[in-house]
Amino acid sequence: MGEEKRKLFSAVQPSGAVTIGNYIGAIKNFVALQDEFDCIYAVADLHAITVRQEPAALRKNTLELMALFIACGIDPEKCILFVQSHVPAHCELTWVLNTLTYPGELSRMTQFKDKSAKHADNVNMGLMDYPVLMVSDILLYQAAVVPVGADQKQHLELTRDLAIRFNNRYSETFTVPEAYIPKGSGAKIMSLADPSRKMSKSDENPNGYVTMSDDRDTVIRKFKRAVTDSGNEVRAAEDKPGVSNLIAIYGAFTGKSAAEIEREFEGKGYGDFKLAVGETVADALAPVQAEKARLLKDKAYLNGVMKRGEEAAARIARKTLSKVYRKVGFYQGE
Ligand code: ATP
Ligand code: LTN
């Protein structure tokens, strides 16, 4: 048999329609890394309830995200795919790690500050503790690598800090993981309506994002409307955030480099370029949408994938958690 592969963990929240930002920053890498690593991917529903969710929508989004993972090319025969709330060890390890975390470490997190401002009427303890739950997700599986978008970098730093803190206090227990963030601009896809802001599924303006379920006309219309910069040259540059963002998106879907794209559109204006990006993205999304629709009709299959994933994930998680409980001194019978 071959040698054991290193473990990889990541998750996406079922908090709404998945955007092409989530795809480029995270899911695309989930697919690309599945042969190199032992991959474990979760639908992070425990994380999702840190902001208000409509229960029926959360249930539907969970199933849809599972179908989307598979439709994008994650192979349930190669990877463990599960729903976070199905494995109680995530909450159990969070409790222990909370006792090693300082409130100041959590209150200064950028995401906590942004989300507190955005949901001022619902600043709850879960929102503040969100990063510790994320740390638990990762450490339970002894993951060495965690593919995420650039916005999650701070949470990965906390993960490393807490792993080291626990190991120092109680002896070597956790693998200290590394973030795997796409190189260049793919790590942070910006809003099509305001290229100074991250593309976000919770944006009030739907023209800012393209979702993985947008139909062809919607995708093309949103790209046609995308805010570009002064001038008309298709070139990636710091003073051209709108065009640079479109180049990053086009590059992610075609595999072309920025230089190749600049050459391809030399002498052509923004209009031609925006249409090409829209058509390329729409062409890429169509087969994923068809496969997702097919999978959603086969609920028994999806439930089976989740059940198998839950069992496989729980087995690994339980092993780590027992070790943790033993190290902190919880009596486990003699
Ligand atoms: P929200 O947009 O509501 O703040 P989110 O999309 O950031 O939520 P998740 O669904 O949990 O939150 O994100 C899943 C993954 O997608 C994470 O790895 C995150 O870093 C990545 N991601 C999110 N937005 C972008 C973006 N605009 N560009 C690149 N990666 C992104
Ligand atoms: N917080 C992440 C989603 C997430 C995650 C994780 C990512 C939850 N648990 C563990 C990597 C590893 C986000 O992208 N908003």
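Just follow the structure's listing: the first ligand is 1, and inside any ligand the first atom is 1.
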Open item on the list: Could you go through Glu310 and Lys307, starting from their C-alpha distance and side-chain angles, then the distance that decides it, and tell me whether this counts as salt bridge (Lys or Arg N to Asp or Glu O under 4.0 Å)?
Closed with: CA-CA 5 Å; Glu310 171 193 332; Lys307 191 74 201 153; 3.6 Å; yes
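Here is the list of ligand 1 atoms found below 4.0 Å of a heavy atom in Gln152: 20 (O). Taking every heavy atom of Gln13 and a limit of under 4.0 angstrom, the matching atoms of ligand 1 come to 9 (P), 10 (O), 11 (O), 12 (O). Here is the list of ligand 1 atoms found below 4.0 Å of a heavy atom in Val12: 10 (O), 14 (C).
Checked against a 3.5 angstrom limit, the closest N/O atoms of Pro147 and ligand 1 fall outside it. Annotation: Ile189 places an N or O atom under 3.5 Å from an N or O atom of ligand 1; distance criterion only.
Residue contacts with ligand 2, taken as heavy atom pairs separated by less than 4.0 Å, involve Gln152 solely via side-chain atoms from C-beta onward. With a 4.0 Å heavy-atom cut-off, ligand 2 is reached by no atom of Asp151.
By the 4.0 Å N-to-carboxylate-O rule, Arg318 lies close enough to Glu92 to be salt-bridged with it. No salt bridge links Lys188 with Asp151; every basic N to acidic carboxylate O contact stays at or beyond 4.0 Å.
Nearest-residue assignment for atom 15 (C) of ligand 1 (options Ala48, Ala26, Ser191, Ala187; heavy-atom criterion): Ala26. Distances from atom 9 (P) of ligand 1 to the heavy atoms of His47, Lys28, Lys201 put Lys201 nearest.
Ring geometry for Tyr23 against Phe253 counts as parallel: the plane angle stays under 30°, on a 0 to 90° scale with 60° as the upper cut.
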